[in-house]
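The basis for the numbers below is simple: all heavy atoms, side chains too, and nothing from hydrogens, waters or symmetry mates. Numbering of ligands and ligand atoms starts at 1, following listing order.
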Amino acid sequence: MSQAENQRSDNARKTEQPALQSDRKRPVRMISTRGDSPPVSFTGAMKAGLAPDGGLYVPDPVPRFSAMFLEKLSQLSIRDAGREVMKHYGSDDGESERLVSVVEEAINFDAPLVPLREGIFLLELFHGPTLAFKDFGARYMARAFAAADNGEDDRDLLILVATSGDTGSAVAHGFYGVPGTRVCLLYPSGKVSRLQEQQMTTLGGNVTALEVDGTFDDCQRLVKEAFSDSVLRRELRLSSANSINIARLIPQSFYYIHAVAQLQQIAGREVRPFFSVPSGNFGNLTAGLIAMRMGMPAAGFLAATNVNDVVPRYLETGIFEPRASTPTLSNAMDVGHPSNFERILYLFGDSHSEIRKVIDGCSFDDKATRETIGRVWKEYGYRIDPHTAVGLLAAERRLREAGGEAPLVILSTAHPAKFSEVVEAETGRPVPLPEQLRSCLEKPKQTIPMGSDYAAFRSLLAELP
Ligand SMILES: *Cc1c(COP(=O)(O)O)cnc(C)c1O
C-alpha cells in the first residue's frame, strides 16, 4: 500500500469513529442569511445583533448532538440540555467554556411538561421572572454579554431597548443586577398595560425606564438615532437586545430538548413529538427547528397564529406577503412581518416544499381563542392564556385531522395571570397572582418622563449614572 493510500485508510478509520471528537471537526461560525458578511463567533454575532449586510446570523454548520447524549436524554435536566447545546457554539475551547458556564445562572427555573389529555401536553414556559418564555433567551443573553471578553474596554455596557411591552420587561429583568451592564428602556407613555408597566418600571438598580410622550415608533426612532450617532457611540458602549439576536434564539432550544426528555421519561421509550408553537416573530419556532437540526427527535412543528397569518398563508400558497398587523387578544403575536422568517427560509434553502414537510400552519381568531380559554377551564380546571389557547387550537385540529401518531406538545408561552382580564372573563373567576407579579404590583413606579426629540434623549443618556 502506498503512503498516500495508507493515509487515506487512516482517515477513513478516523471518520468512522463516532467518538466525541467528531463533534468538533469544524468550529461553528455564525454566518449571515444574506451571505454577504464575514463569518463571526457566537459572541461576535451577539454583540453585532444584525449582520452588517442586514441579514440574520445563523450557525454554520448546525452542530450535531452525539449519539451518547441522545441516548441518555430522558435522564437529563433542562440545564444539562443547555450545557450540551452551548458547548457546540464556541469557536474555541475558551468561548465554549464561557457559553456553557452561563447556563447555570441563566436557567434558574424549570419548564415542566403537563399532560392535558391523551396525546396532548403543555410545556409551561412561564416560570421565569416575567412569566413568559422570553425570560429564557433574555436571561441567557444578559449573562453571556457580562461574561464576554471585551479586551481593553472596561466601560459598562449600555443596552437600549424600545418596547411596546413584553420584550422590554424580559430584557430589563434579564439584565437586572448583572454586573457591568445597564439597561435603558423606552416605552410609549399610556400605551402599555398597567401590569407591563409595573414589570418594567419597578426594578431600579441598573435599569432605567424612560416614559416617552409619544408612540412606540417614536421610541424606536430614538433608539435608531442613538445607534447611528457616531459621537455618542464613541462615548458610550452601546448595544441592543433585539429579539433577532442569536444569543436569545439558541437558548430557546433548551426547553424543546427538555420537553422531549420529559416525554421519553413518561413513555419509557424514544418519542418524536409534534410541537405546536404560538408564533409572532417566529423566533420560538426557529429555535425548535435548530434543535431538530441538531438531532433532537421531533416529528414536526405547527405554526399557530392569530389572524396575523402571513406564515400559515405562505405555507398554503407559497407566497410570503407581509402586511400591517391587526390587534388581537394574543397581542405578543400581532406581527405583520415576522423577522425570523428569513432564518426559516435560509434553513430550508428557500424551498417551500421542504418547509412544508416539517412545518404545518393554522390561524385562529379572538372568538375561538376566548371560547377555548373557557372550555379548557371547564373541562380540565386548567387556565391558559390567549397565546397558549391559539397553540392548543392548532394542536386539537391536528389531532382531529392527522390522528395521534405523535404526541402533541403545546408551547405555553405566558402565564394566564399576565392576561387576567380575558382569562377571568372566560372562566368566571379571578386568576391567582403568582409571587413575581404580586411583588412588582406593590412597588412604586420609577420612570424618567421624556419628550420624543432626540436632543433631550441624547443628553439624558450622557447623564445616566
Ligand atoms: C413573544 C411571544 C410570542 C411569540 O413568539 P415569537 O418568537 O415572536 O414567535 C408568543 N407568546 C408570547 C406570550 C410572547 O410573549
Out of Gln252, Lys134, His387, who is nearest to atom 2 (C) of ligand 1 when you count heavy atoms only?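 Considering heavy atoms of Gln252, Lys134, His387, the nearest to atom 2 (C) of ligand 1 sits in Lys134.
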Quick one: does ligand 1 sit under 4.0 Å from the side chain of Met333, the backbone, both or neither, non-hydrogen atoms only?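 Side chain only; the backbone of Met333 stays clear of ligand 1.
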Can you tell me which portion of Pro278 lies within the under-4.0 Å heavy-atom range of ligand 1? Options are side chain, backbone, both, or neither.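 Under 4.0 Å from ligand 1, Pro278 contributes backbone atoms alone.
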Return the closest protein heavy atom for [atom] as residue, atom name and distance.
{"atom": "atom 7 (O) of ligand 1", "answer": "Asn284 N, 2.9 Å"}
{"atom": "atom 4 (C) of ligand 1", "answer": "Gly280 N, 3.7 Å"}
{"atom": "atom 5 (O) of ligand 1", "answer": "Phe133 CZ, 3.4 Å"}
{"atom": "atom 8 (O) of ligand 1", "answer": "Asn281 N, 2.8 Å"}
{"atom": "atom 12 (C) of ligand 1", "answer": "Thr413 OG1, 3.5 Å"}

Flag Ala332 as yes when one of its N or O atoms lies below 3.5 Å from any N or O atom of ligand 1, and as no otherwise.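 So ligand 1 has no N or O lying under 3.5 Å from an N or O of Ala332.
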Could you say whether the N/O atoms of Ala132 and ligand 1 ever approach to under 3.5 Å?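 So ligand 1 has no N or O lying under 3.5 Å from an N or O of Ala132.
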Got [X] and [Y] here, is their nearest side-chain heavy-atom distance under 4.5 Å?
{"X": "Lys134", "Y": "Thr167", "answer": "yes"}
{"X": "Tyr256", "Y": "Phe301", "answer": "yes"}
{"X": "Leu195", "Y": "Leu437", "answer": "yes"}

Exactly one of Thr326, Thr369, Thr328, Asn331 should register a side chain to side chain donor-acceptor pair (under 3.5 Å) with Asn306. Which one does?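 Among Thr326, Thr369, Thr328, Asn331, the one meeting side chain to side chain donor-acceptor pair (under 3.5 Å) with Asn306 is Thr328.
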Which of the numbered atoms in ligand 1 are under 4.0 angstrom from any heavy atom belonging to Ala414?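 Selected atoms, number and element: 13 (C).
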Would you kindly say whether Asp53 and Ser32 are connected by a side-chain donor-acceptor distance under 3.5 Å?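 Judged by distance alone, the side chains do pair up.
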Just by distance, no angles: are the side chains of Glu197 and Thr201 close enough, under 3.5 Å, to form a donor-acceptor pair?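 Per modelled atom types, Glu197 and Thr201 side chains form no pair under 3.5 Å.
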Taking the six-membered ring of Phe145, is the NZ or CZ of Arg237 close enough (under 6.0 Å from the centre) and on axis enough (within 45°)?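 Judged by the rule, Arg237 and Phe145 form no cation-pi pair.
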